Amino acid sequence: MAARQTSSALQPPALSDAYPMANPGYGKRVAPDQLPRAASDFTLLPTRERYVAGFIDHLPEGASMSVKQLAKQLPLYGQQAISSALTALSVAGHLRRVRCPVGAGDETRWVFRTFWSRTARDNEWWTTFLAAETATTQATAEAPSLTPNTPAPAPAPAPAPAPTAVPQQRTPPPRPEAPLAPSTAETGPSPAYLALARLGRADHRLALSADDCAALEPRATEWLARGVSVDYLTSALTAGLPAAIDSPVGFLRHRLTTKTPPQLPTEKTGSGTTAPAARSLLVECTECGTPGPPEALPDGLCRPCRETHSNGAVDPSPAPTQAPDIKARMANLRNLLRSV
């Protein structure tokens, strides 16, 4: 049986069966450890905020929390009023809008959620809760990388049977094995040698003999060991050539010695898998949507919006006591016209 509402505040409309749900991963999220529903819920809030809070509290998990959808279901207020009410509910400690990354690698995307708490919470509680949500998100993202696809251990082999005694047989002495011929990969020219040999084809002024290539090969190999490519080596040796080169081997030896590139650090990968990047949950300012860490947005508001809210919102419509006295102004105009 529903509890009787003793307050004169407006009652939120009943939920429609067709209320739109957000996309999977988005929408409303219910915060834990809430008190059960009671007639005294939201009694300290103004009428508009209580009206909106009562409606949101009955929305199911995953319901759309956009201002546009809420304004469609709450006909008494427009989108601007709903947005202001959400800001007030954030300051009162009932909700936080957040964005969090889901997926892995290039498939990572940001999803937007609204955590709702019927019980008002302070900033310390929200910061601790959102930090726990961040840890849960990171643990979920790191779980696949921490469990590599390793094959199941093979069953232990059965113990071999005991060898049976066999009479010793007379075998001929082993023949000396002929040395294996070296493979063509080991005896072939190195990349540094080939790069030097091709210089003459790129420019006839750098034509080298076989002995010249062999003499310059150690210096060119040192270049490649420093992390540069063969194309880089070729470009460095052929750039800015003089009109005539009397000794190609002397010219290249001088360039290989004076233009030695710096040592490039090698990338070390321990296990072959890169550690996942930090996946932090960010709080969005309820007023303007600026993201930031939970501790940087107390009350769910960024600094400019928090200062504006603390100064008090100015009602654009004047109060009845501030309305101009039309009759007095008309009488004043008549007196001015008579005196002309």
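Atom set for the values below is all heavy atoms of this structure, side chains included, hydrogens, waters and symmetry mates excluded. Predicted, not measured: the structure shown is a model, and the values here were computed from it.
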### Query
With under 30° as parallel and over 60° as perpendicular, where do the rings of Phe42 and His94 fit, or are they tilted in between?
perpendicular
### Task
Using the rule that two of Ile, Leu, Val, Met, Phe, Trp, Tyr join whenever any of their side-chain heavy atoms come within less than 4.5 Å, decide whether Val30 and Phe115 are in one cluster.
no
### Query
With a 4.5 Å heavy-atom cut-off, do Val111 and Asn23 have their side chains touching?
no
### Query
Under 3.5 Å, is there a donor-acceptor pair between the Glu287 and Thr87 side chains?
yes
#### Entry: Single-linkage hydrophobic cluster Leu86~Leu76, side-chain heavy atoms < 4.5 angstrom
yes
### Task
List for me each residue that meets side chain to side chain contact (heavy atoms under 4.5 Å, CB included) alongside Arg306, sequence neighbours excluded, and say none if there are none.
Pro298, Asp299, Leu301, Arg303
### Query
Between the main-chain N or O of Gly54 and the side-chain N or O of Arg118, is there a donor-acceptor pair closer than 3.5 Å?
no
### Message
In terms of relative ring orientation, are Trp125 and Phe129 parallel, tilted or perpendicular, with 30° and 60° separating the classes?
### Response
parallel
### Query
Is it true that a side-chain atom of Arg99 and a backbone atom of Leu281 form a donor plus acceptor pair closer than 3.5 Å?
no
### Task
Could you tell me whether the side chains of Thr257 and Arg219 share a donor-acceptor contact shorter than 3.5 Å?
yes
### Message
Please give me the minimum heavy-atom distance between Ala92 and Ala120, naming the atom from each residue.
### Response
O-CB, 3.4 Å
### Task
For Ser90 and Thr286, indicate whether the former's side chain and the latter's backbone hold a donor-acceptor pair under 3.5 Å.
no
### Message
Do Asp231 and Thr234 pair up side chain to side chain, a donor and an acceptor below 3.5 Å, judged on atom types alone?
### Response
no
### Query
Do Leu256 and Thr260 have side-chain heavy atoms sitting under 4.5 Å apart?
no
### Message
Quick one, Leu70 and Leu59 - any side-chain contact, counting heavy atoms below 4.5 Å?
### Response
yes
### Message
Just so I know, are the side chains of Glu133 and Cys100 near enough to count as touching, which here means a heavy-atom distance under 4.5 Å?
### Response
no
### Query
Which atom pair, heavy atoms only, marks the closest approach of Glu49 to Ala88?
CG-CB, 3.5 Å
### Message
I'd like to check Asp33 versus Arg121 (side-chain heavy atoms, cut-off strictly below 4.5 Å). Are they in contact?
### Response
yes
### Query
Hey, is the main chain of Ile56 close enough, under 3.5 Å, to the side chain of Trp116 for a donor-acceptor pair?
no
### Query
If only atom types and distance count, is the side chain of Arg255 paired as donor or acceptor with the main-chain N or O of Ala236 below 3.5 Å?
yes
